[in-house]
Amino acid sequence: MSVTQNAPASIYRTKEDLGVWEHRGKVAVVGIGHSPTFRRWDERLETSVGYLTIQAIQKALEDAGVKPEEVDGVVSSPKGMGEGWAPRPIPEDFANTYKPTDGDPNDGLDGASADWIVNNVPGLDNVSFTMHGPACISNALVVAAQAVGDGLAKTCLVVRGTGNIGGRYGQYGAAAADQASGASQWTNPWGWQLIPQIAFGFDQYCRKYGSNHDKMAPFILNQRRNGSMFPEGFYYQNRPEDLQITTEDYVSARWICKPMNLYDCDLPIQTAWAYLITTADRAKDMKQKPVYILNHCSQRGVVRSLVETLEETEAFTDSIAKKVYQGSGLTASELDICNPYDGFTLFTQYYLEGLKWHGVKRGEAHDFWAGDIRVEGPHPFSSSGGNNGNGRTRTWNQTDTMQQLQGRAGLRQVTIRAETGLAGAFTPGVSDWMVYGISPD
Amino acid sequence: MPKQSPVPDEVSKPFWDACNQNKLVVQHCETCDRMQFPPESTCVKCESSSMGWKEVSGMGKIHGYCVMHDSRIRLLQADQPFNIAVIELQDDPDIKMFSHLPGTDADEVVIGSIVRVEFQDTEATGQKVPEWRVV
Ligand SMILES: [Zn+2]
């Protein structure tokens with residue numbers, strides 16, 4: 001077990017009507033680092049999650065012009081999204097290179113805890129604050145933003161690595177068992193997991209608003225188009241041809257769980273990434289234009305029974321929008337970059353409609369996507385391309401929002417105003433959100 | 001369809017024991033007179049620990065569904081594609097349960113159909129689970 005603890009519940013702004021975030025504009029992102037991306041781990045040291053995590057951290061520090069000795073905080077999302085490697089024998093060169101953490105042989109292989117990072121990143125000698133924001137980089141970003149605002153750290157890394165070993169994704173452990181215990185006693189006998197939940201909800205949505213699955217195509221194709229302009233992304237680096245799908249390819253793809261098909265799902269990959277967060281005062285002296293944090297908030301929805309109904313999903317995303325705007329002091333028309341989460345694509349419309357970005361109301365998202373949502377157009381929704389255009393990390397929307405505000409999104413740079421932005425993940429029921437601005441005021 | 005056998009715990013045991021006697025019961029808060037499913041040690045709404053069980057009619061309605069073609073759950077893969085329906089109980093439509101809808105072909109589901117509970121054995125332990133059939 002690593003020593004670092006998960007953030008306490010008090011860190012997260014889950015309630016409505018909390019007012020403007022008390023540290024609005026006092027904390028900033030100053031560095032971004034992405035390791036190379038791979039489809040699977042080939043068991044070499046140089047492609048291990050640990051190695052990639054160190055690479056990503058070094059890039060983020062270099063991006064900011066900060067030495068590792070200046071870092072005093074590390075917040076990590078300690079596990080990735082893939083299966084653990086142990087109990088398979090740990091490859092010798094990995095074991096010989098890195099200092100393990102007590103009790104977790106997978107640390108550095110399926111993710112990297114804050115303790116593993118402090119143990120193994122050269123020069124991280126002055127870290128006095130570590131904390132975990134589990135399950136999602138958006139969670140870790142929220143934790144770090146609040147921690148730096150509260151003065152627990154001054155210069156804080158925010159990190160996640162994710163691994164993808166061989167075998168079919170998710171088909172191990174409880175999924176391969178003959179019995180179901182704990183929470184899964186109510187769901188696994190019928191095969192109810194997140195995928196059916198999202199597919200069922202999307203079907204309800206289409207019935208309520210008179211839409212259908214084919215109407216997702218413009219969004220999917222645009223996500224992939226945005227991915228083709230994201231040099232840090234998996235498809236850009238490894239499979240650019242996979243981004244060239246047509247409407248016909250999309251609507252004829254095999255069902256995973258009807259009405260969810262193959263292209264509604266994101267591809268598991270092996271990679272790591274890191275951000276550097278500091279106080280607004282320090283941010284001024286660093287290499288990049290600071291991306292000020294205007295707000296963070298979180299959703300921890302409680303459902304009435306076993307499923308999340310469409311009504312609950314809509315209420316959850318209404319609540320997210322309310323908290324996003326209240327805590328940042330922005331209105332919908334003042335939110336320039338809108339990068340909600342897309343893994344799975346079939347829940348993205350709830351976020352867009354809850355946020356009412358560019359005036360989109362309930363039931364209107366699919367028609368909105370049929371208009372011009374290209375990055376160079378008037379409504380550049382999800383300019384990152386998301387997981388769908390870049391592979392499963394839950395981080396592309398964060399990186400893109402930061403880069404858009406810094407004016408360094410390259411070919412993806414939007415032509416509309418890019419002074420504020422939103423990114424977050426994961427589901428309507430459980431998610432964490434960051435609001436950024438180019439000005440601390 | 002073969003299914004994983006649910007493993008009862010302290011809180012859920014009365015529910016699964018009732019299934020083995022072909023009875024459907026739902027946890028009920030004596031304090032705020034509200035059904036709760038899945039069961040918890042206290043009421044999620046009023047935090048009361050006076051939780052009992054109520055036998056329900058065993059009738060319900062199809063609230064919605066999806067059709068699984070590529071499940072992660074190994075035991076279910078041989079029967080793909082199969083329906084996963086969300087059933088709302090007649091006694092309280094807020095209470096939802098799942099069903100493969102035995103007797104209804106994959107993707108031939110009519111939302112709003114009335115269904116009746118039945119109980120199906122599971123292989124690993126023999127524990128019975130509720131299933132629902134269109135009447
Ligand atoms: Zn109660």
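Hydrogens, waters and symmetry mates play no part in the numbers below; they use all other heavy atoms, side chains included. Proteins come first, then strands; the chains are lettered A, B, ... in the order of their sequence lines, and each starts at number 1.
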About how many Å separate [atom2] of [Y] and [atom1] of [X], when rounded to the nearest 0.5 Å?
X        : Y        : atom1 : atom2 : value
B:His63  : A:Ser305 : NE2   : OG    : 10.5 Å
A:Trp255 : B:Gln80  : CH2   : CD    : 15.5 Å
B:His69  : A:Lys258 : NE2   : NZ    : 6.5 Å
B:Ser5   : A:Asn188 : OG    : CG    : 12.0 Å
A:Gln193 : B:Ile84  : CD    : CD1   : 8.5 Å
A:Asp203 : B:Tyr65  : CG    : OH    : 6.0 Å

*asked:* Salt bridge check, A:Arg304 against B:Asp92: does any charged N sit closer than 4.0 Å to a carboxylate O?
replied: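 The answer is yes: the pair qualifies as a salt bridge.
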
_N-O pairing of A:Arg168 and B:Asp70 below 4.0 Å_ =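 A salt bridge links A:Arg168 with B:Asp70.
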
I need the residue from [options] with the largest number of non-hydrogen atom pairs under 4.5 Å to chain A.
options                               : answer
B:Met35, B:Gln36, B:Lys96             : B:Lys96
B:Ile111, B:Val44, B:Val67            : B:Val67
B:Arg74, B:Lys3, B:Gln4, B:Met97      : B:Gln4
B:Thr125, B:Asp107, B:Val11, B:Val129 : B:Asp107
B:Pro39, B:Pro8, B:Pro2               : B:Pro39

*asked:* Angle between ring planes, A:Trp186 versus B:Phe15, binned at 30° and 60°: parallel, tilted or perpendicular?
replied: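 Rings of A:Trp186 and B:Phe15: perpendicular, over 60°.
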
Taking atom [atom1] of [X] as the centre, does the number of heavy atoms from other residues, nucleotides or ligands within less than 6.0 Å exceed 12?
X        : atom1 : value
B:Arg116 : CZ    : no
B:Lys45  : NZ    : no
A:Glu241 : CD    : yes

Output the option from [options] having the highest count of non-hydrogen pairs under 4.5 Å with chain B.
options                                : answer
A:Ala175, A:Pro259, A:Ala174           : A:Ala175
A:Leu306, A:Thr187, A:Leu310, A:Thr309 : A:Leu306
A:Ala177, A:Gly191, A:Ala199           : A:Ala177

*What part of B:Thr122 is in contact with chain A, defined as an atom under 4.5 angstrom from a non-hydrogen atom: side chain, backbone, both or neither?*
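Neither part; nothing is under 4.5 Å.
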
_Contact origin within B:Ile95 toward chain A - heavy atom pairs under 4.5 Å_ =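 For B:Ile95, backbone and side chain are both near chain A.
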
*Using a 4.5 Å cut-off on heavy atoms from C-beta on, say whether the side chain of A:Trp192 contacts that of B:Val86.*
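Yes, at least one pair of side-chain atoms sits under 4.5 Å.
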
*Going through the checks in order, is the side chain to side chain donor-acceptor pair (under 3.5 Å) test met by A:Gln171 and B:Gln77?*
CA-CA 11 Å; A:Gln171 297 190 16; B:Gln77 290 169 348; 3.1 Å; yes

*Hey, mind stepping through A:Val307 and B:Phe98 against side chain to side chain contact (heavy atoms under 4.5 Å, CB included) and telling me if it holds?*
CA-CA 9 Å; A:Val307 306; B:Phe98 299 123; 3.2 Å; yes

*Tell me yes or no: between the side chains of A:Gln185 and B:Ser12, is some donor less than 3.5 Å from an acceptor?*
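Distance-only check passes for A:Gln185 and B:Ser12.
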
*Does the pair B:Arg72 and A:Tyr169 meet the rule for a side chain to side chain contact (heavy atoms under 4.5 Å, CB included), with working shown?*
CA-CA 8 Å; B:Arg72 292 180 182 180; A:Tyr169 192 83; 3.5 Å; yes

